[in-house]
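All values below were derived from every heavy atom in this structure, side-chain atoms included, with hydrogens, water molecules and symmetry-related copies excluded. Numbered from 1 within each chain, the chains take letters A, B, ... in sequence-line order.
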Amino acid sequence: MTQRFQAPRGTQDVLPAMQPYWKAITTAAEEVTRLYGFQRIDTPVFEYAALFEKGSGDTTDVVEKEMYVFEDRGGEHLALTPEGTPAICRAYLEHGMASWPQPVRLFTTHPMFRYDRPQKGRYRQHTQVDCEILGSPDPLVDAEVIELLWRIYERLGIRNVVVRLGSIDDPEPRRTYVERLKDYYRPHLDQLSPDSQRRFERNPLRLLDSKDERDLPLKEGAPKPVETLSAPAQEHHDMVCKALEAVGINYIVDPLLVRGLDYYNRTVFEITPLDDERAQSTIGAGGRYDGLIEILGGPPTPAVGFGSGIERIILEMQRNGVELPAGHRIDAFIVHMSPSAHAVAFRLGGELRAAGIATQLGESGRSMKSQMRSANAASARLAIILGEDEVAAGTAVVKRLDTGEQATIQMADVVAQVQEAVSADPDAILQGGGSRDS
RNA sequence: GUGGGCGUAGCGUAGCGGUUAACGCGUCAGGUUGUGGCCCUGAAGAUCGAGGGUUCAAAUCCCUCCGUCCACCCCA
């Protein structure tokens, strides 16, 4: 048992039964992003590790303790993508997208890797829908990416979620804010939880979203970033709010919202379920990162974007009671009994498939009953029966599995007849599901 | 990295010191002459996560390890 291979910790197989969810999500992402003028980009699964060390910030947890880094045979220092934004910015620079019409709108679905302890909604490999708008400082595009993400969820049947919106200002005013925050906490350091004492040194902003009871009293009176914004950031934030109101997005300004990546400025947001207090319930998050492209060696280029975890979206869909049946359904199932029928069956199968008809063959040598059972299990619409008699007569028996009626027809007419029977009721094929009424 | 729960056939479970480890679902095969779904019968499938210990006897008790799930940190 222990000798048998298992998927590595924190990874998972997406089995056929779950594929409809993946398909629904990627389709929704493709369709909605198209409506917003996005184009698809695909970046490599691994990049130079330095891209993330510089871009995401080498003191962030994502880079410092979670990145899958390795050296290849040529001694290159590489990393499995831990997050998408720096990779897309790299592509923007590498391909001179600054000379495309601005802003550039890109989306992708991409696997992400983080060496983390797995738990519900957290995996070492997960997949994100990622959207970025590069080259615009306009607060309206902040609102636009939020709206876009909202619409994707809406299409997928996710209802009870809320946008938590915050602003962490620009780097300069944020530095003075962080000093104020530290001044506020400094006299009370010994009352804080050990985690928060560490946060005080490493990432003071995180003090604001501590869940530890010992930190709650102080948290209340702490200065909040959204309440002390610089004038330009305030104006920006107000405009994002107004735009979201104009399109009826359910959002709240969350003064405690901070994000773990260094490159964010001004707008930050998360979308979370309203009725789920779990830790990993955030299904999508993002923000503005006007400084990132410059950090990566490019010209100052304002940009905004988000990532949303497909695995978490699926969990949320299921919590919302969205059920997608497995779509396995076959049009025709060829039952062939005698040795003389095998080759005929095989050729007919090829002809049917060439005509666009999903066709499966029974297993050679199995009894007719067994093959009919297989036809049923495959949710076939038609069974095509080939025995010694039919082969000798140059005919086939075509049987509808829903009504049970059947007819003997000339071999030469089988493809046309099957095509007609199948196209007569296209819905049944499209819907799939293999449901049986009993 | 820290803390807690759980590990019995493909899946879900029962058994919690004592003869060949049970049940449901699933799989395969049958239920007479070439016909599915329901039903019936049968079969295959488990070194009871691994290693060690206690005992006349261990799936059942103890220890270690591994795996998994949940929470913290952090994140989608």
Side-chain angles (χ1 to χ4, degrees), chain A residues 1-10 12 15 17 56 60-67 82-85 109-130 149 193-196 198-199 202-203 206 209-212 258-261 270-272 277-286 306-316 333 335-338 341 362-363 365-391 397-406 434-438:
Chain A
M1 227 38 153
T2 30
Q3 274 97 326
R4 269 212 261 174
F5 283 111
Q6 285 178 288
R9 164 174 257 197
Q12 57 187 332
L15 297 177
S56 309
T60 57
D61 276 17
V62 166
V63 168
E64 195 174 65
K65 48 181 252 200
E66 295 173 5
M67 200 153 70
E83 54 135 0
T85 304
T109 58
H110 198 280
M112 306 294 173
F113 304 86
R114 291 175 200 172
Y115 186 84
D116 227 338
R117 286 279 296 264
Q119 61 191 81
K120 193 168 188 68
R122 165 183 294 158
Y123 310 98
R124 288 187 171 178
Q125 176 181 343
H126 73 279
T127 309
Q128 284 184 24
V129 175
D130 209 299
L149 183 54
S193 65
D195 275 335
S196 278
R198 265 187 26 244
R199 290 186 180 106
R202 291 203 39 188
N203 195 348
R206 291 230 77 91
D209 73 344
S210 169
K211 283 166 246 156
D212 196 300
V258 293
R259 313 249 47 241
L261 300 163
E270 289 183 355
I271 299 187
T272 56
E277 291 311 309
R278 280 185 306 113
Q280 271 71 234
S281 58
T282 298
I283 54 178
F306 67 78
S308 182
I310 290 183
E311 293 81 356
R312 288 191 186 176
I313 296 175
I314 292 173
L315 289 173
E316 194 53 27
F333 194 100
V335 174
H336 52 107
M337 281 97 69
S338 69
E363 294 283 301
R366 282 199 188 173
S367 70
M368 182 176 189
K369 179 195 280 282
S370 161
Q371 293 188 49
M372 286 300 291
R373 280 180 173 156
S374 299
N376 197 61
S379 301
R381 303 193 60 220
L382 300 171
I384 298 170
I385 301 162
L386 293 172
E388 236 170 316
D389 299 347
E390 287 78 13
V391 171
V397 172
V398 176
K399 172 168 184 166
R400 288 184 55 160
L401 290 183
D402 52 352
T403 63
E405 52 184 327
Q406 64 180 55
S435 56
R436 286 274 90 62
D437 34 22
S438 47

**Q** Which residues satisfy the salt bridge (Lys or Arg N to Asp or Glu O under 4.0 Å) test with A:Arg366, sequence neighbours excluded?
**A** none
**Q** On RNA chain B, compare the nucleotides closest to A:Val397 and A:Glu83; which residue's is nearer the 5' end?
**A** A:Val397
**Q** Using whole Å, what does the distance between atom P of nucleotide B:G10 and atom CG of A:Leu15 come to?
**A** 15 Å
**Q** Can you tell me which nucleotide in B:C73, B:A29, B:G34 comes closest to the side chain of A:Glu390?
**A** B:G34
**Q** So which atom in A:Arg9 and which in A:Arg117 form the shortest heavy-atom distance, rounded to 0.1 Å?
**A** NH1-CD, 4.2 Å
**Q** Give a yes/no answer on whether the side chain of A:Arg202 brings an N or O atom under 4.0 Å of OP1 or OP2 in B:C74.
**A** no
**Q** By the 4.0 Å heavy-atom rule, please label A:Tyr123 as base, sugar-phosphate, or nothing.
**A** base
**Q** For B:C73, does either OP1 or OP2 sit under 4.0 Å from a side-chain N or O belonging to A:Arg198?
**A** no
**Q** Classify the side chain of A:Gln406 versus the base of B:G36 as yes if they form a donor-acceptor pair under 3.5 Å and no if they do not.
**A** no
**Q** Run the salt bridge (Lys or Arg N to Asp or Glu O under 4.0 Å) test against A:Arg373 and tell me which residues pass, sequence neighbours left out.
**A** none
**Q** Is the distance from OP1 or OP2 of B:G36 to the nearest side-chain N or O of A:Lys369 less than 4.0 Å?
**A** yes
**Q** With a non-hydrogen cut-off below 4.0 angstrom, is A:Ser367 in contact with a base, only sugar-phosphate, or nothing?
**A** sugar-phosphate
**Q** Hey, are A:Ser56 and A:Glu83 close enough side-chain-wise for a donor-acceptor pair under 3.5 Å?
**A** yes
**Q** Without decimals, in angstroms, what is the distance between A:Glu270 CD and B:A76 P?
**A** 8 Å
**Q** Would you tell me whether A:Glu405 and A:Thr403 have side-chain atoms, one donor and one acceptor, within less than 3.5 Å of each other?
**A** yes
**Q** Tell me if the side-chain of A:Lys399 makes a donor-acceptor pair with the base of B:U35, cut-off 3.5 Å, by modelled atom types.
**A** yes
**Q** For the base of B:C73, is there a side-chain donor-acceptor partner from A:Lys65 under 3.5 Å away?
**A** yes
**Q** Going by modelled atom types, is there a donor-acceptor pair between the base of B:C75 and the side chain of A:Arg312 at under 3.5 Å?
**A** yes
**Q** Separation of A:Leu401 atom CG from B:C38 atom P, in whole Å?
**A** 13 Å
**Q** Tell me what A:Arg199 touches on the nucleic acid: a base, only sugar-phosphate, or nothing, going by heavy atoms under 4.0 Å.
**A** sugar-phosphate
**Q** What contact category does A:Glu405 fall into here, base, sugar-phosphate, or nothing, at under 4.0 angstrom with non-hydrogen atoms?
**A** nothing
**Q** Scan A:Ile283 against the nucleic acid and name what it touches under 4.0 Å (heavy atoms): base, sugar-phosphate only, or nothing.
**A** sugar-phosphate
**Q** Is a donor-acceptor contact shorter than 3.5 angstrom present between the side chain of A:Asn376 and the base of B:G36?
**A** yes
**Q** If you go through the side-chain atoms of A:Arg373, does one of them form a donor-acceptor pair with the base of B:G31 closer than 3.5 Å?
**A** yes
**Q** Could you measure between the two C1' atoms, the one in B:G17 and the one in B:G36, and give it in whole Å?
**A** 49 Å
**Q** May I ask you to verify whether the side chain of A:Arg122 and the base of B:A76 hold a donor-acceptor pair under 3.5 Å?
**A** no
**Q** Using only modelled atom types and a 3.5 angstrom limit, is any donor from either the side chain of A:Arg400 or the base of B:G36 paired with an acceptor on the other?
**A** no
**Q** Ignoring backbone atoms, test whether A:Gln119 places a side-chain nitrogen or oxygen under 4.0 Å from the OP1 or OP2 oxygen of B:A71.
**A** yes
**Q** I'd like the C1' distance from B:U2 over to B:C28, given in whole Å.
**A** 49 Å
**Q** Hey, is the side chain of A:Lys120 poking within less than 4.0 Å of OP1 or OP2 on B:A71, counting only N and O atoms?
**A** no
**Q** Would you indicate what A:Arg117 reaches in the nucleic acid, counting non-hydrogen atoms under 4.0 angstrom: base, sugar-phosphate, or nothing?
**A** base
**Q** Can you measure from CD (A:Gln371) to CD1 (A:Ile385) and round to the nearest 0.5 angstrom?
**A** 10.0 Å
**Q** Would you measure the distance from the P atom in B:A58 across to the matching atom in B:G52 and give it in whole Å?
**A** 13 Å
**Q** Taking the side chain of A:Thr282 as its heavy atoms from C-beta onward, which of B:C74, B:U68, B:A76 lies nearest to it?
**A** B:A76
**Q** With sugar-phosphate meaning primed atoms plus P, OP1 and OP2, does A:Asp212 contact a base, only sugar-phosphate, or nothing at under 4.0 Å between heavy atoms?
**A** nothing
**Q** Can you tell me how far P in B:A22 sits from the matching atom in B:A57, rounded to whole Å?
**A** 24 Å
**Q** Are A:Asp195 and A:Asp212 close enough that some pair of their side-chain heavy atoms sits under 4.5 Å apart?
**A** no
**Q** Partners of A:Glu66 by salt bridge (Lys or Arg N to Asp or Glu O under 4.0 Å), sequence neighbours excluded?
**A** none
**Q** Any base atoms under 4.0 Å from A:Arg259, or only sugar-phosphate, or nothing? Heavy atoms, all strands.
**A** sugar-phosphate
**Q** Both A:Asp195 and A:Gly307 contact RNA chain B. Taking the nearest nucleotide for each, which residue is further toward the 5' end?
**A** A:Asp195
**Q** When the C1' atoms of B:C69 and B:G24 are compared, how many Å lie between them, rounded to an integer?
**A** 24 Å
**Q** For A:Glu388, does the CD atom have more than 12 heavy-atom neighbours from other residues, nucleotides or ligands under 6.0 Å away?
**A** no
**Q** Taking atom C1' in both B:U32 and B:A46, compute the distance separating them and give it to the nearest angstrom.
**A** 36 Å
**Q** Check every atom of B:C73, B:U35, B:G36 against the side chain of A:Lys211 and return the nucleotide holding the closest atom.
**A** B:C73
**Q** When you compare B:U13 with B:C6, how far apart are their C1' atoms, in angstrom units rounded to a whole number?
**A** 14 Å
**Q** Using the C1' atom as the point on both nucleotides, what is the distance between B:U64 and B:G18, in whole Å?
**A** 27 Å
**Q** Please classify the nucleic acid contact of A:Ala375 as base, sugar-phosphate, or nothing, using heavy-atom distances under 4.0 Å.
**A** nothing
**Q** Indicate, with a heavy-atom threshold strictly under 4.0 Å, whether A:Arg206 touches base, sugar-phosphate, or nothing.
**A** sugar-phosphate
**Q** Between B:A76 and A:Thr127, is there an OP1 or OP2 to side-chain N/O distance shorter than 4.0 Å?
**A** no
**Q** Would you please name every residue forming a salt bridge (Lys or Arg N to Asp or Glu O under 4.0 Å) with A:Asp389, sequence neighbours left out?
**A** none
**Q** Could you tell me which residues satisfy side chain to side chain contact (heavy atoms under 4.5 Å, CB included) with A:Ala341, sequence neighbours excluded, listed by chain and number?
**A** A:His336, A:Ser338, A:Leu386, A:Val391
**Q** Are there runs of at least three consecutive Watson-Crick or G-U pairs touching RNA chain B, with each pair's two distances under 3.5 angstrom? Give them by first number.
**A** B:1-7 with B:66-72, B:10-13 with B:22-25, B:27-31 with B:39-43, B:49-53 with B:61-65
